[in-house]
Structures are given as structure tokens and as C-alpha cells.
Amino acid sequence: MAASPGPAGGAAAGAVHGSGPFGLAFDSGLEIKTRSVEQTLLPLVSQITTLINHKDNTKKSDKTLQAIQRVGQAVNLAVGRFVKVGEAIANENWDLKEEINIACIEAKQAGETIAALTDMSSLNHPESDGQITIFTDKTGVIKAARLLLSSVTKVLLLADRVVIKQIIRSRNKVLATMERLEKVNSFQEFVQIFSQFGNEMVEFAHLTGDRQNDLKDEKKKAKMAAARAVLEKCTMMLLTASKTCLRHPNCESAHKNKEGVFDRMKVALDKVIEIVTECKPNGETDISSISIFTGIKEFKQSKKTKSIDEELELAILKISHSLNELKKELHSTAAQLAADLVKYHADHVVLKALKLTGVEGNLEGLAEYACKLSEQKERLVETCRLLRHVSGTEPLEITCIHAEETFQVTGQQIISAAETLTLHPSSKIAKENLDVFCEAWESQISDMLTLLREINDVFEGRRGENYGYLSLPKPVKNNANLKSLKPDKPDSEEQAKIAKLGLKLGLLTSDANREIEKWEDQEDEIVRYGRNMSSMAYSLHLFTRGEGPIKTSQDLIHQLEAFAEEGLKLASSVQAFSKQLKDDDKLMLLLEINKLVPLCHQLQAVTKIPLQNQVFLKVDKSITKTRCIMATLVQLLSLCYKLLKKLQMENNRWVSVNK
């Protein structure tokens, strides 16, 4: 399901507008009208404030009078548009019609009053001596402004209630159609109902997408993104799982697989309603509030607000220091464990084996690899729980919970889908169904890498910084020469290859970042160039997933050129550092430099190859070459750090001897 960008987002759902039935960019008529008028009114409110605060002795030049009149007229016109929208909403919602109309009348009166008090057209005429204006009745302007703000707020709050009701009605329609889908017995009937279900899900996606964008609370926004991501992924799963059940009606594992999808979608639908209505069912507690991260955070607010004696304060400061040390150790352990686990499962060996045992009808093999997937699932779930404690922000904590739930549910569904295929090895629909669930698993593994990167960025205070695009030119708008990367659309096998290369590239950026963290001087040239290269490589990893800042072929070429250039700068800095070393150490370092420089030149050569509709080939070569450079970078950073430490120890020993 499409989610707006954000800390948890990237990570939360990793999705943006543009894919599947939940990817259509759309605003409901109600929200687009109220939002546009609201945005028109708000700047004018500040201008009203300026009018109210003007000095009475200000010289009343023609320019000043005209400006005052223009502001008054603009406010009145904006209020008029706002009132029309409000009246339209009232006519469509009879239960709120009276309240909205009263608020609209008040807003209209306030707008007309402000227009009248700022009408300066006849102020300089002799007969206008008795005219009441902003100069003679400032109190009247203040009252009108307050009435305007009050009435506009009422309309917006009532419109918000209408939006919530629309979302609830839309959810209820989706649930009703889902119940029909659960009971369907014929394929023809299923196609007919699923078509209706798809349209209803699109409407629900539009409404909830608008709501997510309007949410100010980052925690709620992350929860909404997670719920919508579940609904987007489950829509495709529901299609293949239901078709498999219809094809194999007596297969218990197929029914179990389908029921799992329906159950998860119902939970996600309920979660959306919980967010928009701010009501928890049956007094449930918020699981996201129970973590070490939250506990340490709450303990540090408490220590500032309570009055305590010096001895107790000293004890609390010591505990606080210990907690910080614990947090660092826990973060280091959790991040390392997660990175190693993602790297270990990057090839998806177990999933491939399950697919193979399925088409072979090998029940013994199924049992063996189902057991292995269950073990893998448990390790990933435990890792997600561990990452929750070091997440650093509430949206990222919610994303960890979403990842945990996804692995837990999808793991079981893969096993049931594999069992169905094993029992019916010649069934194309059973094979397609298993593929869909495996893709969801692979996608979540990839999302784990993004999540880990964002958690590390928060922990190290890098969040919001952009080291990687210092050499990347700004995108040019409306340039006809910029070609989107769409002409040569890769097939599924090519997409899988690019995704795999991208995942390995992403893992190498994590390795590079770990090497960079070891350096005490983070402004060292070698560190700076290494960090820039890591960040650029990470944006290339995001590109392989259809995310991040790289959108066009020109963007890709610029990023690759900048990456290669940064690699050559790094090589130059390392070469300068090597001059401080003894011959053996210097030779060892120069050997690594001699690997890096040719690779950078080769990447530059790849960027010069004309596209000629061979986008996949160019991307494949580029990512492969970038991965080789990053692997060399990791080795080079590690070696430089060791040699630097060795050099420092030798220098310290020389100093101590000469004392």
C-alpha cells in the first residue's frame, strides 16, 4: 500500500504512490477543496494580524490605503470560496448540515465586516469623515478576525468528521465484499466479486492515503503506513490464494493459506479505523510503548521534572550514564546481528528449495525446508524485536513491529502455499501462489536493510544529512532530454537479478559504514570520501528497488560518474597517506589502491556506453562494477585504519623513548 515518505517509511512500508491499486495519486474532492481553501486563508490570517497591529500614527499614504484594501478584499473572497465548499459539504451530509451552515454564515459575516472596515476607496473624500474604518474601529476588526478563525475552525473540524465517516463507510464496504469472497464457490463468481473488491480497495486507498498525508503525529503516520502496506501486499496474495482454493477445493493447506490472508487484511483494516478514530478496541494496550528505547527516554524526562536531593540526583546521573553505555552496546549487538542475518539470507536458498520440492512433489523435502524456514523466521522475528529496543524513534519502532508481524505471518503462509504445490505439483496457480508469498518475504528482507540503515543514521545523529549527493547536479525540470528508465522494461528474471545485486550492494554499504565508525577523526579525508561513496552506493541500492532520488537515466549516469570520481579522490588521499608508512606497509596499501583505480575508470567507461534501449544491460554492468568498488572500499578502509593505528603506536613509542 502506498505510503508517504518518512523515517519509518522508508522503512515503514517502503512504498510510495505509483504501484498496484494502492499506488494511484488521488485526492478526494472533499479534502482537496477544504485543503486548498484552508491554504488560501491561513496566509491571509497573518495579514489580518498585521492590520490589527498597525500603528495608528502611521502615515496614511495612498500605497498604504490600497494595500489595506487589497488584503480586506482578498480575505473576503477567500472566505466566500470557503463558504461555498462548506455549503456543498453540508448539502451532502444532512446530519451535520445545520452546524456547518451556521459556521458558514458566521464566516461570511466576518469576511464582509473585514472587507467593509478595510474599504479605503472614499476615505480621502470630505463626505467620508463619519465612515467607520480600521483606523477608527480596531476592536471591530479584532472581533471579526476572531469570529472568522472560530467559524473556519468549526467548518474544518466538521469536515474532518465527514472524512472519518467516509473512511469508515469505505472500510465497511470492503469488509462486506471480503465476506462474499470468502464464501465464493465458482471462478466466474469470484472474478466478478473480486473486480468490485478491487474498486472498493482503490477508494479505500485514496481516502487513507489522503488521511496519512494529513496526519501530524509521526507515530500515527508510521502506523497508517504499515497498515496500508499490509493491505497492498495482501491484495495480490488474496487473488492467488483464492484462485488456488477454487482450483483445489479439498486441499486443507490451500484453505489455511487463504484464511491467513483474510485474517491479516481484517486486522489491518481495523488498525486503520483505530488510527483515524483514535479509539482502541476492548481497551488494548499499545505494544509499541513497551521497549528499552521508550523506557530510557521516559526515565530521562522524569529526572528533569522531579525535585530531588543531591545524593539521589548523583545516583540517577550514574544510572543514566550506565543506561547510555547499555544503549550503545545493545545497538552495536542488534545492528551487527541484523546485518549478518540479512546478509546470510540474501540468496534465499530455502525459498528456492521449497519451490523445487513443490514442483517435484517431494513431501520429505517439504518437511525439511519448511522446518528450516520456520527457524529462519524465528531468528528474523527475534532480531526485529531486538531492533525495536534500539530503534531511536517511535516511527522506526513501529516499522520494527510491522517487520516482525510480516515475517511471522508470511513465513506460515509460505509453508502452507508450498504444501499445496507439493500436493498438486502440476498446478500452475499453486506455483504462482507460492511465488507471490516468496516475493513478499524477499521484499521484507530487503526492507530490513533500509530499516537498519535508518536506525543507524538516527543513532549516529546523521538523520537528515545527505553526504552522498555533493557531486550530483540538481535535477533539471522540464528537460525533454531526460529519459525515464522505462523503454527497455526488464522481465521478471532480469528484475530478480538487479534486485539481488542491489541487496548485495546495500549490505556492502553497511560493511563500509561499520569500518567508517571505527575512525576517531570523522573529518579525515579518507573517511569523508568513503562516507560519500557509501551513501551514493546506498542510493543506487534504493534505485534497484524503484525508490530513492534516482528517477531518470540521466540521474543514474550522473550518480555513477560522481561515485567513480569520489573513488579516484579516495585513492589519491590513500596514496598521500601511504607516504607516511614503512616500505612493507606502503606496498600493501598501494596494491589495494591499484585495484580501486582501474575499477573506477572501468565504471566511468560504462557510463559512456550509449543506452540504445539496453537499459537493463547498462544497469546490470553499473551495479556489478559499483559492487566490486564497494568491496574494495571496505578492504581499503579496514587496512587504512589498521595501518593508521600501527603508525600512531610507533609514534607514541618514539615519543616516550625520547622523553
Side-chain angles (χ1 to χ4, degrees), residues 346 446 449 467-476 479 481-512 529-575 591-637:
S446 186
L449 187 66
Y467 297 113
Y469 310 115
L470 304 177
S471 308
L472 188 62
K474 299 284 184 186
V476 183
N479 189 336
N481 294 324
L482 296 186
K483 296 181 180 179
S484 175
L485 292 172
K486 289 182 181 177
D488 178 30
K489 188 174 180 180
D491 58 30
S492 58
E493 188 177 336
E494 290 172 338
Q495 285 177 330
K497 184 179 179 184
I498 291 292
K500 186 176 177 180
L501 285 171
L503 180 57
K504 289 180 178 178
L505 181 60
L507 292 168
L508 283 168
T509 64
S510 295
D511 292 341
Y529 291 134
R531 185 194 295 127
N532 287 351
M533 290 175 71
S534 177
S535 193
M536 289 181 187
Y538 185 71
S539 72
L540 290 166
H541 155 70
L542 291 178
F543 163 72
T544 63
R545 301 174 54 191
E547 300 170 11
I550 302 175
K551 304 295 183 189
T552 68
S553 56
Q554 200 63 39
D555 287 345
L556 177 63
I557 290 167
H558 280 315
Q559 185 73 316
L560 292 169
E561 287 173 343
F563 179 79
E565 187 64 33
E566 212 74 1
L568 293 171
K569 288 178 184 177
L570 175 79
S572 179
S573 293
V574 174
Q575 195 156 16
L591 286 172
E592 290 299 320
I593 296 172
N594 288 338
K595 293 180 189 175
L596 179 63
V597 173
L599 285 169
C600 291
H601 287 311
Q602 288 166 20
L603 181 59
Q604 287 177 326
V606 170
T607 63
K608 302 289 190 295
I609 299 172
L611 283 174
Q612 295 178 339
N613 289 329
Q614 294 296 314
V615 176
F616 166 74
L617 188 60
K618 186 161 186 173
V619 171
D620 182 27
K621 286 183 177 179
S622 301
I623 301 299
T624 301
K625 200 63 67 179
T626 304
R627 190 161 65 86
C628 293
I629 292 173
M630 282 302 295
T632 306
L633 172 67
V634 172
Q635 297 296 324
L636 200 54
L637 287 169

**Message:** Using modelled atom types and a 3.5 Å cut-off, is there a donor and acceptor pairing between side-chain atoms of T624 and backbone atoms of D620?
**Reply:** yes

**Message:** Using every non-hydrogen atom in the two residues, find where S622 and V606 come nearest and quote the distance to one decimal.
**Reply:** OG-CG1, 3.5 Å

**Asked** Is there side-chain contact between F543 and D555, with at least one heavy-atom pair below 4.5 Å?
**Response** no

**Asked** Quick one: does L568's side chain get under 4.5 Å of Q604's, heavy atoms only?
**Response** yes

**Message:** Looking at every heavy atom in both M533 and M630, which two are closest together, and how far apart are they?
**Reply:** O-SD, 4.1 Å

**Prompt:** Any salt bridge (Lys or Arg N to Asp or Glu O under 4.0 Å) pairs touching residues 626-635, not counting sequence neighbours?
**Reply:** none

**Request:** Kindly compute the distance separating CD (E566) from CD (Q559), expressed to the nearest 0.5 Å.
**Result:** 10.0 Å

**Fill in**
When every non-hydrogen atom of P598 is compared with those of I593, the smallest separation belongs to CD-O, 4.4 Å

**Asked** Who are the side chain to side chain contact (heavy atoms under 4.5 Å, CB included) partners of T632, not counting sequence neighbours?
**Response** E592, K595, L596, L599

**Sub-4.5 Å side-chain heavy-atom contact between L540 and T544** = no

**Prompt:** Where is the tightest heavy-atom contact between L637 and A512, given as atom of each residue plus distance?
**Reply:** CD1-O, 4.0 Å

**Prompt:** Say you draw a straight line from CG of L505 to OG of S534; how long is it, rounded to the nearest 0.5 Å?
**Reply:** 9.0 Å

**Asked** If you round to the nearest 0.5 Å, how far is CD1 of I550 from CD1 of I557?
**Response** 11.0 Å

**Request:** Calculate, to the nearest 0.5 Å, the distance between atoms CG and CG belonging to L633 and L570 respectively.
**Result:** 6.0 Å

**For the student: nearest non-hydrogen atoms of Y538 and L449, plus distance** = OH-O, 4.4 Å

